[in-house]
Number of protein chains: 2
Amino acid sequence: MTANTRAQYKTQAHIIKALAHPTRLFIVDELARGERSVRELTDMIGVEMPTVSRHLSQLRNVGIVDDEKRGAQVFYRLRVPCVLNFFKCVEAVQRDGGKEARQNTVLEMSCVA
Amino acid sequence: MTANTRAQYKTQAHIIKALAHPTRLFIVDELARGERSVRELTDMIGVEMPTVSRHLSQLRNVGIVDDEKRGAQVFYRLRVPCVLNFFKCVEAVQRDGGKEARQNTVLEMSCVA
DNA sequence: AATACAATTAGCCAACTCGCTAAATGCTGC
DNA sequence: GCAGCATTTAGCGAGTTGGCTAATTGTATT
């Protein structure tokens with residue numbers, strides 16, 4: 001592996017990592033429906049606004065979402081809709097695979113999915 | 001958000017997190033070319049075998065890869081090829097977005113990609 | 001200008017991640 | 001059975017993550 005290749009994987013991992021958290025997945029899912037203010041998202045998620053704000057800036061830093069300040073509020077938008085395709089594949093992983101996952105929560109998952 | 005929905009996002013995040021590391025991305029990429037033994041992967045990556053082994057079991061635990069023991073060796077296979085689509089989308093994120101990413105490494109990225 | 005609300009930043013702490021080395025397990029060939 | 005290789009497991013330590021509260025910044029309203 002060359003240094004360049006290694007750097008490339010690192011950058012990609014950084015982007016994927018931005019999606020690797022339940023709250024941030026929820027945010028992406030919600031923003032797929034339209035733009036939302038930080039307050040709106042905070043009210044839906046069960047954590048404090050500063051925490052939500054940090055999740056949002058994480059998504060923004062890698063370019064997945066976009067923000068626009070209007071008045072006192074900041075609205076966030078999904079910038080790269082293709083990340084929604086991740087969900088489909090992840091569901092496929094849930095169905096087809098997952099030894100540990102199957103032991104834990106996937107069975108209950110397949111009930112609600 | 002119901003408890004079930006929350007659990008669902010948690011499970012999905014767990015799967016995505018398994019991909020959110022440079023070494024594991026490399027492994028997935030390499031396994032897309034065919035099965036590989038732990039030794040083979042270790043020789044390509046610059047870390048010790050125990051570390052590679054743990055990355056592999058992380059991928060196996062969420063069902064992304066599969067292992068088969070033949071003799072003294074263990075061969076790993078990609079089980080859910082759709083994860084390769086992640087790469088395409090991640091490249092789109094790299095191109096279209098990424099404030100921080102743009103500052104850091106994306107420019108050099110777009111040269112090698 | 002004073003108050004109130006929206007959002008971010010800073011600082012703290014518990015939990016997790018990922019590298020390593022050492023030890024354990026399992027198979028192969030002598 | 002013993003030696004040697006392949007792999008995994010265990011245990012350690014540095015660094016990161018994600019929650020919180022408190023403090024800061026910026027806008028709107030009175």
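Just so it is clear: chains get the letters A, B, ... in the order the sequence lines come, proteins before strands, and each one is counted from 1.
For D43(B), the side chain to side chain donor-acceptor pair (under 3.5 Å) partners two or more places apart in sequence, or in a different chain, are R39(B). Applying the salt bridge (Lys or Arg N to Asp or Glu O under 4.0 Å) criterion to R24(B), with sequence neighbours excluded, gives no partner residue. Legend: residues meeting side chain to side chain contact (heavy atoms under 4.5 Å, CB included) with R6(A), ordered by chain and number and at least two apart, are M1(A). Evaluation of the side chain to side chain contact (heavy atoms under 4.5 Å, CB included) rule for T42(A) yields V38(A), M49(A), V52(A) as partners, not counting sequence neighbours. Evaluation of the side chain to side chain contact (heavy atoms under 4.5 Å, CB included) rule for A72(A) yields no partner, not counting sequence neighbours. For the side chain to side chain contact (heavy atoms under 4.5 Å, CB included) test, residues two or more places apart in sequence or in another chain that qualify with P50(B) are E48(B).
The list of ring-ring contact (aromatic ring centres under 6.0 Å, His included) pairs with a residue in residues 33-53 of chain B, not counting sequence neighbours, is empty. Listed by first and then second residue, the ring-ring contact (aromatic ring centres under 6.0 Å, His included) pairs that reach into residues 50-83 of chain B are H21(B)-H55(B), sequence neighbours excluded. Each disulfide bond (SG atoms under 2.5 Å apart) pair with one or both residues in residues 9-44 of chain A, not counting sequence neighbours, would appear here, but there are none.
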A correct 5'-to-3' footprint of nucleotides 10-23 of chain D, with B, S and - meaning base, sugar-phosphate only and no protein heavy atom under 4.0 Å, is -B------BBBBB-
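Rounded to whole Å, atom P of dA7(C) lies 12 Å from atom CD1 of I45(A). Rounded to whole angstrom, the span from the NE2 atom of H14(A) across to the P atom of dT17(C) amounts to 17 Å. Distance N61(B) CG to dT17(C) C1': 15 Å, rounded to the nearest Å. Protein atom CG of D43(A) is 13 Å distant from nucleotide atom C1' of dA7(C), rounded to whole Å. Here the P atom of nucleotide dT8(C) and the CD atom of E68(A) are 13 Å apart, to the nearest Å. Atom NZ in K10(B) sits about 14 Å away from atom P in dA15(C), given to the nearest Å. dT17(C) atom P lies 14 Å from atom CG of L59(B), rounded to whole Å.
Looking at heavy-atom distances under 4.0 Å, Y76(B) makes contact with sugar-phosphate atoms alone, never a base.
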Under 3.5 Å, N/O pairs linking protein and nucleotides 26-30 of chain D:
none

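Contacts of residues 26-41 of chain B with DNA chain C (heavy atom under 4.0 Å): none.
Salt bridge annotation for E91(A)-K88(A): absent, with no cationic side-chain nitrogen under 4.0 angstrom from a carboxylate oxygen.
Between Q58(A) and R54(A), every side-chain heavy-atom pair lies at or beyond the 4.5 Å cut-off.
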